[in-house]
Every structure is written in structure tokens, then in C-alpha cells.
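Given the structure is predicted, the values throughout are model-derived calculations rather than measurements.
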Amino acid sequence: MTGAPTAGRIAGCLGLLVLGVLTGLAGWLVVDLWFPGGLLLALLALLGLFLGGRLALGTGLGVGGGAVGWFLAYVVLGVPRPEGDFLLSSSGIGMYAYLLGGTVLAVMCATISLPVDRPVSAARSVK
């Protein structure tokens, strides 16, 4: 799927944006709840989102849709409200590790090279 944006590609990016928001919300909750296991679980969810978006759209835009949604959820949850409290508080090192780890995973998935001459499949080829 290369070339000009199509309706399917735009819908895919918007779907990945929504999935990114949901993954960001869930990740924010589990990082503080079950540290350090929650951090690993949240990073594995991000890896699945980013790599799945990359494979689904065949380009780095698939990673970008999910990454933008994830980062928007991260920022919205971390900004203090007008009353001075936070929607969800962060306990410190886990949230910074989540931000750094998610950013590294997004860059890795966006820059990997996929085989161009054959479709990507999880099934083994039979000869």
C-alpha cells in the first residue's frame, strides 16, 4: 500500500489513532498499578499497536497514527486541571520509563524495513 492516500488508508490511520488513545489510557493505569510488571505489559501493548499499524498500512504512517493517539492520551492525563489536581497522578519513574520506552518503540517500528517483494504473513510458506 504505497502512493497517494486512499479512503482505506485514512480510515486505518484514524482507527489507529483511536486505538492509540485507548492503549495510552490503559497503559497509564497499569504502569502505576503493577510496577514493574505493568510497565512491561504497557510497553508490550504499545509494541503490538505500533508494529500492527506498520504491518497493516505498510508504511510508517501506521505507526504515526497509533503514536499520536498514545501521546495525546499521555499528555491529556498528565496535565493538571484548573483546580490544581491531576486526572491521574504519576508516581514517578514508571511514567518516565513508559514515555521513553514508548517513544523508542515507535521510532523502531517506524524505521524498520519490510520486505517489498513479498507480502508479510505470519504463516509459514509451504514448498
Side-chain angles (χ1 to χ4, degrees):
M1 259 182 134
T2 59
T6 62
R9 182 174 283 181
I10 292 170
C13 281
L14 290 176
L16 287 167
L17 181 81
V18 171
L19 284 174
V21 168
L22 294 174
T23 306
L25 290 171
W28 189 287
L29 293 172
V30 298
V31 165
D32 281 342
L33 186 61
W34 300 316
F35 188 79
L39 175 63
L40 294 175
L41 184 64
L43 289 175
L44 282 174
L46 285 177
L47 178 64
L49 173 71
F50 297 152
L51 193 57
R54 171 69 186 204
L55 292 174
L57 294 183
T59 179
L61 287 176
V63 179
V68 166
W70 163 70
F71 190 72
L72 283 176
Y74 188 93
V75 168
V76 167
L77 291 173
V79 172
R81 296 180 355 166
E83 296 85 17
D85 58 347
F86 291 90
L87 188 59
L88 291 173
S89 66
S90 66
S91 64
I93 191 80
M95 295 315 294
Y96 290 116
Y98 182 52
L99 179 62
L100 178 65
T103 304
V104 168
L105 288 174
V107 169
M108 284 173 42
C109 289
T111 58
I112 61 172
S113 62
L114 297 174
V116 206
D117 58 343
R118 58 186 161 85
V120 177
S121 174
R124 293 187 349 191
S125 63
V126 180
K127 292 185 180 185

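Taking CD1 of I93 as the reference point, atom CG of L39 lies at 9.5 Å (rounded to 0.5 Å). For the atom pair L47 CG and T23 OG1, the distance stands at 11.5 Å (nearest 0.5 Å). The CZ atom of F50 sits 11.5 Å away from the CG atom of L19 when rounded to the nearest 0.5 Å.
Looking only at distances, a side-chain donor or acceptor of R54 sits under 3.5 Å from a matching main-chain atom of A110. Between the side chain of Y74 and the backbone N or O of W28 there is no donor-acceptor pair closer than 3.5 Å.
Nearest heavy-atom pair across L46 and G102 is CD1-CA, 3.7 Å. Taking every heavy atom of both residues into account, T111 and V107 meet most closely at OG1-O, 2.8 Å. What you find for A42 and G27 is that their closest heavy atoms are CB-CA, 3.8 Å. Contact detail for L61 and C13: the closest heavy-atom pair is O-SG, 3.9 Å.
Note: the hydrophobic cluster containing V30 does not contain L44 (ILVMFWY, side chain heavy atoms under 4.5 Å, direct or indirect links). The hydrophobic cluster containing Y98 also contains F71, counting ILVMFWY residues as joined when their side-chain heavy atoms lie under 4.5 angstrom apart, directly or transitively.
Put simply, the residue from L49, V68, V63 that forms a side-chain contact (heavy atoms from CB on, under 4.5 Å) with L16 is L49. Of the residues V75, L25, L99, V21, the one that meets the side-chain contact (heavy atoms from CB on, under 4.5 Å) test with W70 is L99.
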